[in-house]
There are 2 protein chains.
Amino acid sequence: MDADLFKALGDATRRTILDELVERDGQTLFELCGRLTMKHGLTSSRQAISQHLAVLEEAGLVHTRREGRYKFHHVDTSPLRAIVERWPVEREDADQ
Amino acid sequence: MDADLFKALGDATRRTILDELVERDGQTLFELCGRLTMKHGLTSSRQAISQHLAVLEEAGLVHTRREGRYKFHHVDTSPLRAIVERWPVEREDADQ
DNA sequence: TTGACAGGCAAGTATCGGCTTGCGTATAAC
DNA sequence: GTTATACGCAAGCCGATACTTGCCTGTCAA
């Protein structure tokens, strides 16, 4: 099941993490922590963010790449396609 | 916020309800209960389904119409558009 | 009016999920 | 080697939430 996908999207902090990673891909955990507090006003701890990233990775929305002691996080929005494919969204031809 | 939307999609039973309503729109609560147990193997009680429908309605995914003692439920998938608009899904031009 | 039917409300329970806390590991700098 | 850095693991706490239980309201048929 794609339960992992919807579970991952169910949390506001995780959605903000996706926002951040879309804007700047390939961040490390510490980079993310900094930017989330600075730009998005989040107060989550490092461990909290780390656990959120694990959930996002389980859902296939984030892939990771190890490099020495750094771990880079990359977004992958392709799993989202399953949502609109499951419940077809009719085109909104309202505007011209 | 669209927190209601993601919260609504976060539950497996609610997703199955959406499946059912997409396949056959405008069902009453009792109709839904029957079909969910028959076709989808769910064992949820009437009250449980009713509460799920309330959550779906809050998210704008289901609209209701009263008619005497009947209440018909209609799907509206348009809120889902906000998801792919928030995190653009690149076209998969793999197939031809 | 009486009864069956369709649905609603609200409190209690129990499970789940996000977060903290504390310690551990590996890589790199000095 | 020593220290700092970047991250991992796991147990526990606590609030959220799905579900049950019991009773109530409104509609329609006889």
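Just so it is clear: chains get the letters A, B, ... in the order the sequence lines come, proteins before strands, and each one is counted from 1. Nothing here was measured: the structure is a model prediction, and the numbers come from that model.
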Within this structure, what is the [atom1]-to-[atom2] distance between [X] and [N], rounded to whole angstrom?
X	N	atom1	atom2	answer
A:Leu56	C:dG17	CG	C1'	14 Å
A:Leu9	C:dG18	CG	P	12 Å
B:Glu57	C:dG7	CD	C1'	13 Å
B:Ile49	D:dT21	CD1	P	15 Å

Would you mind listing every side chain to side chain donor-acceptor pair (under 3.5 Å) that reaches into residues 41-51 of chain A, with sequence neighbours excluded?
none
Tell me, please, which residues at least two apart from A:Arg24 pass side chain to side chain donor-acceptor pair (under 3.5 Å).
A:Glu31
Name all residues meeting the side chain to side chain donor-acceptor pair (under 3.5 Å) criterion together with B:Glu85; count only those two or more places apart in sequence or in a different chain, and write none if there are none.
none
Can you check whether A:Lys71's main-chain N or O pairs, donor with acceptor, with A:Arg66's side chain at less than 3.5 Å?
no
OP1 or OP2 of C:dC19 sitting under 4.0 Å from any side-chain N/O of A:His52?
yes
Apart from B:Met38 itself, what residues make up its hydrophobic cluster, given side-chain heavy atom links below 4.5 Å?
none
Starting from A:Tyr70, walk the hydrophobic network (Ile, Leu, Val, Met, Phe, Trp, Tyr; side-chain heavy atoms closer than 4.5 Å) and list everyone else you reach, by chain and number.
A:Phe72
For a quick check, with a 4.0 angstrom heavy-atom cut-off, what is the B/S/- contact string for nucleotides 3-17 of chain D, read 5' to 3'?
--BSBBBB-------
Starting at the 5' end of DNA chain C and moving along, which residue's nearest nucleotide shows up first, A:Gly68 or A:Thr13?
A:Thr13
